[in-house]
Amino acid sequence: MAKGITKRSENYSEWYNEIIKRADLAENSAVRGCMVIKPYGFAIWEKMQRALDDMFKATGHQNAYFPLFVPKSFLEKEEEHAEGFAKECAVVTHYRLKSDPDGKGLMVDPDAKLEEELIVRPTSEAVIWNTFKGWIQSWRDLPLLINQWANVVRWEMRTRLFLRTSEFLWQEGHTAHATEQEAIEETEQMLGVYAEFAESWMAMPVIQGLKTASERFAGAVETYCIEALMQDGKALQAGTSHFLGQNFAKSFDVKFVNKENELDYPWATSWGVSTRLMGALIMAHSDDNGLVLPPKLAPIQVVVVPIFREEADLAKIMEHIAPIVEELKTLGISVKVDDDDKYKPGFKFAEYELKGVPVRLGVGMRDLENGTIEVARRDELTKETLPLEGVAKHISSLLDEIQENIYNKAMNFREENTFTVDNWEDFKAQIEMGGFVMAYWDGTAETEEKIKQETKATIRCIPLNSIEMAGECVYSGKESAKRVVFAKAY
RNA sequence: CGGGGCGUAGCGCAGCCUGGUAGCGCGCACCGUUCGGGACGGUGAGGUCGGAGGUUCAAAUCCUCUCGCCCCGACCA
């Protein structure tokens, strides 16, 4: 590229920021730690939302919306939950400003102090379970399967675009069930939905597993997660699904009468994914030419770049490609024809590569003479000249092929960067080099903590569906039932 | 909150040590030639040098204070 971006291999985080900037996805705002998601970035997020929302609906969930503010007394009710989130809460203490008598501008009106502080939601368990109290009386009211699309605020020390911002957009599911078994099934079902979304929409392979006690969601009995490996060898938690037991029901005094006419507390789950998935998408596939989008999430799947000098030539080219564009649209493919004459073709080629558009079609006067079209694919940066006849069908299957190809690439990368390690020296060396490190762990929080202190590696998850085979803990040498996934993480 | 770094044109930077007419690249505007991988030439617009105070005949440059941002750590979807 003439105006190359920072190489991925040289400075990963600079590369990451530059992809976001040059693909026009988002920017830091003037507001501390907050992010502006720009139209192109938001278009991708909307496609993610749509796909996820359809999956939630297909599994029987309904959308609703709950308040932004959580009275402090609500947040306090579940003790562990309160403790876990206390350190990162934005708090509303006043409801009015007034002119500053000592100078220009405004000041907080001390007379407008709230009797009870309001917390800007860091998550909505508290408000939602307070609401559920009024919704649940009988086993007939269960299961209650609710999802909300919302913003939340967590006052993070250091922020990074998409990966960690003070305010972020997400989806949070909150469900209530009559039995423990059903709630656990729901937790696992939604983890499966996330894994399916990550793999078949984002083309990003994930490991499904359980968090250790120390990494568990505050107030949960069990936290399930999906973990993905980024191209710099660091892990990213891409989604979580929590089995909350009866903790919130008890804290918020939500009870129902079961079929045996006995009072019981319902069992709860909550699960969420956020705009962090955008960060995952960027880091999983992009290269030194910019963003690489899986076709299923690309706002523009095919871009047509006419190559012309004269207005008259453009008109001829448009006529030449019109049937193809029509056919692509009929096939449900989103096509953009960039007939802008302010930029030259070479500029446009680079621009659409930066934006990750999966397929680019180039058409010039040469093609008109030959009845051809140039088809370039973003994932492999290859191009070929094909007869115009039948090209729409070819493109349609090419998009599927690209979707599959980038998944396979990410999968190969993960496999090449997943290591099985059996002694402490190898463990430290491998963690330093990056990747998922599969090692035995004795199951204690002490060992987990010491490993974290000495290597900065955390247990990303205890994988589900792995073969149980006993071994010796890589750190303590004590007995261990199975290998867990260690990595440095975002 | 600890440790580093930076504030000069829309963006990226030089100038500061050693005070003396505020510069370069990109971008922007106009004209011409170009147009199948980020074009080239010409002309031009654009600045209270983050802010306040001080030293000086003279401050982007030296001194004091202040504000803001970025990076590294603790925290974390």
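In what follows, chains are A, B, ... by sequence order, proteins preceding strands, each numbered from 1.
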Chemist: Show me the pairs that pass side chain to side chain donor-acceptor pair (under 3.5 Å) and involve residues 364-378 of chain A, at least two apart or across chains.
Modeler: A/Asp287-A/Arg378, A/Asp367-A/Thr372, A/Arg377-A/Asp379, A/Arg377-A/Glu401
Chemist: Tell me every residue that passes side-chain hydrogen bond (donor to acceptor under 3.5 Å, both in side chains) with A/Lys211, counting only those two or more places apart in sequence or in another chain.
Modeler: A/Glu227, A/Gln237
Chemist: So which of residues 234-243 of chain A are in contact with RNA chain B, with a heavy-atom cut-off of under 4.0 Å?
Modeler: A/Gln237
Chemist: According to ring pair (Phe, Tyr, Trp, His ring centres under 6.0 Å), does anything in residues 215-244 of chain A pair up with another residue at least two apart or in another chain? List the pairs.
Modeler: A/His81-A/Phe217, A/Phe85-A/Phe217, A/Phe217-A/His242
Chemist: Using Watson-Crick or G-U wobble geometry with both distances under 3.5 Å, which nucleotide pairs with B/rC62?
Modeler: B/rG54
Chemist: What integer distance in Å separates A/Trp271:CH2 from B/rA77:P?
Modeler: 18 Å
Chemist: Please tell me if the side chains of A/Thr455 and A/Phe486 come closer than 4.5 Å, counting only heavy atoms from C-beta onward.
Modeler: no
Chemist: Once ring pair (Phe, Tyr, Trp, His ring centres under 6.0 Å) is applied, what residue pairs with a partner in residues 271-323 of chain A remain, sequence neighbours excluded?
Modeler: A/Phe56-A/Trp271, A/His61-A/Trp271
Chemist: Under the side-chain hydrogen bond (donor to acceptor under 3.5 Å, both in side chains) rule, collect the residues that match up with A/Asp53, sequence neighbours excluded.
Modeler: A/Lys57, A/Asn63, A/Trp149
Chemist: So, A/Glu432 and A/Lys488, do they make that salt bridge, N to O below 4.0 Å?
Modeler: yes
Chemist: Take atom CG of A/Asp341 and atom P of B/rU34, then tell me their distance rounded to the nearest Å.
Modeler: 16 Å
Chemist: Using a 4.5 Å cut-off on heavy atoms from C-beta on, say whether the side chain of A/Lys336 contacts that of A/Val357.
Modeler: no
Chemist: Write down the distance between CZ (A/Phe85) and P (B/rA77), rounded to a whole number of angstrom.
Modeler: 7 Å
Chemist: Looking only at side-chain atoms of A/Lys344, point me to the closest of B/rC11, B/rU34, B/rA77.
Modeler: B/rU34
Chemist: Can you tell me, in whole Å, how much space there is between the P of B/rG42 and that of B/rA22?
Modeler: 26 Å
Chemist: Touch check for A/Lys342, heavy atoms < 4.0 angstrom, all strands: base, sugar-phosphate only, or nothing?
Modeler: nothing
Chemist: Counting only Watson-Crick pairs (N1-N3 plus N6-O4 or O6-N4) and G-U wobbles (N1-O2, O6-N3), all under 3.5 Å, who is the partner of B/rA29?
Modeler: B/rU43
Chemist: Nearest heavy atom decides the nucleotide; on that basis, is A/Lys21 or A/Tyr490 closer to the 5' end of RNA chain B?
Modeler: A/Lys21
Chemist: According to the 5.5 Å centroid and 30° plane-angle thresholds, does A/Trp170 stack upon the nucleobase of B/rA77?
Modeler: no
Chemist: Taking the six-membered ring of A/Phe349, is NZ or CZ of A/Arg360 closer than 6.0 Å to its centre and within 45° of its axis?
Modeler: yes
Chemist: Rounded to the nearest Å, what distance is computed from the CG atom of residue A/Asn17 to the C1' atom of nucleotide B/rC69?
Modeler: 14 Å
Chemist: Any side-chain heavy atom of A/Gln231 within less than 4.5 Å of one from A/Tyr12?
Modeler: yes
Chemist: Looking only at the side chain of A/Glu351 (C-beta and beyond, no hydrogens), which of the listed nucleotides B/rG37, B/rG38, B/rC11 gets closest?
Modeler: B/rG38
Chemist: Between atom CD in A/Glu384 and atom C1' in B/rG36, what is the gap in whole Å?
Modeler: 16 Å
Chemist: With distance as the sole criterion, do the side chain of A/Lys348 and the base of B/rG36 form a donor-acceptor contact below 3.5 Å?
Modeler: no
Chemist: Check RNA chain B against residues 302-315 of chain A and give the residues with a non-hydrogen atom under 4.0 Å, in numerical order.
Modeler: A/Ile307, A/Phe308, A/Arg309
Chemist: If you measure from the C1' atom in B/rG7 to the same atom in B/rA52, how many Å do you get, rounded?
Modeler: 16 Å
Chemist: Should the pair A/Glu76-A/Lys72 be classified as a salt bridge under the 4.0 Å nitrogen-to-oxygen rule?
Modeler: yes
Chemist: When rounded to the nearest Å, what value does the distance between C1' atoms of B/rG32 and B/rC49 take?
Modeler: 37 Å
Chemist: What is the distance from atom CG of A/Leu297 to atom CE of A/Met278, rounded to the nearest 0.5 Å?
Modeler: 9.0 Å
Chemist: Are the charged groups of A/Lys316 and A/Glu310 less than 4.0 angstrom apart, N to O?
Modeler: no
Chemist: B/rG37, B/rA77, B/rG38: which one has an atom nearest the side-chain heavy atoms of A/Arg276?
Modeler: B/rA77
Chemist: Near RNA chain B, counting only heavy atoms under 4.0 Å, which residues of residues 197-221 of chain A show up?
Modeler: none
Chemist: Would you kindly give the CZ-to-P distance between A/Arg160 and B/rA77, to the nearest whole Å?
Modeler: 16 Å
Chemist: Counting only heavy atoms and a strict 4.0 angstrom limit, can you tell me which residues of residues 359-378 of chain A come near RNA chain B?
Modeler: A/Arg360, A/Gly362, A/Gly364, A/Met365, A/Arg366, A/Asp367, A/Glu374
Chemist: Kindly compute the distance separating CD1 (A/Ile462) from CD (A/Glu215), expressed to the nearest 0.5 Å.
Modeler: 10.0 Å
Chemist: Does the side chain of A/Tyr407 come within less than 4.5 Å of A/Pro205's, by heavy atoms?
Modeler: yes
Chemist: Would you kindly give the CG-to-P distance between A/Leu161 and B/rC70, to the nearest whole Å?
Modeler: 10 Å
Chemist: How would you list, by chain and number, every residue that makes a ring-ring contact (aromatic ring centres under 6.0 Å, His included) with A/Tyr475, sequence neighbours excluded?
Modeler: A/Trp424
Chemist: Check whether any side-chain N or O of A/Arg216 sits under 3.5 Å from a backbone N or O of A/Val221 as a donor-acceptor pair, and report yes or no.
Modeler: yes
Chemist: Look at all strands and tell whether A/Ser270 reaches a base, only sugar-phosphate, or nothing, counting heavy atoms closer than 4.0 Å.
Modeler: nothing
Chemist: Give each protein N/O atom lying under 3.5 Å from an N/O atom of nucleotides 73-75 of chain B, with the pair distance.
Modeler:
from   : atom 1 : to       : atom 2 : distance (Å)
B/rG73 : OP2    : A/Arg158 : NH1    : 3.1
B/rC75 : O2     : A/Glu156 : OE1    : 3.1

Chemist: Could you state the atom-to-atom distance from NZ of A/Lys383 to P of B/rG37 in whole Å?
Modeler: 6 Å
Chemist: Who passes ring-ring contact (aromatic ring centres under 6.0 Å, His included) against A/Tyr343, sequence neighbours left out?
Modeler: A/Phe347
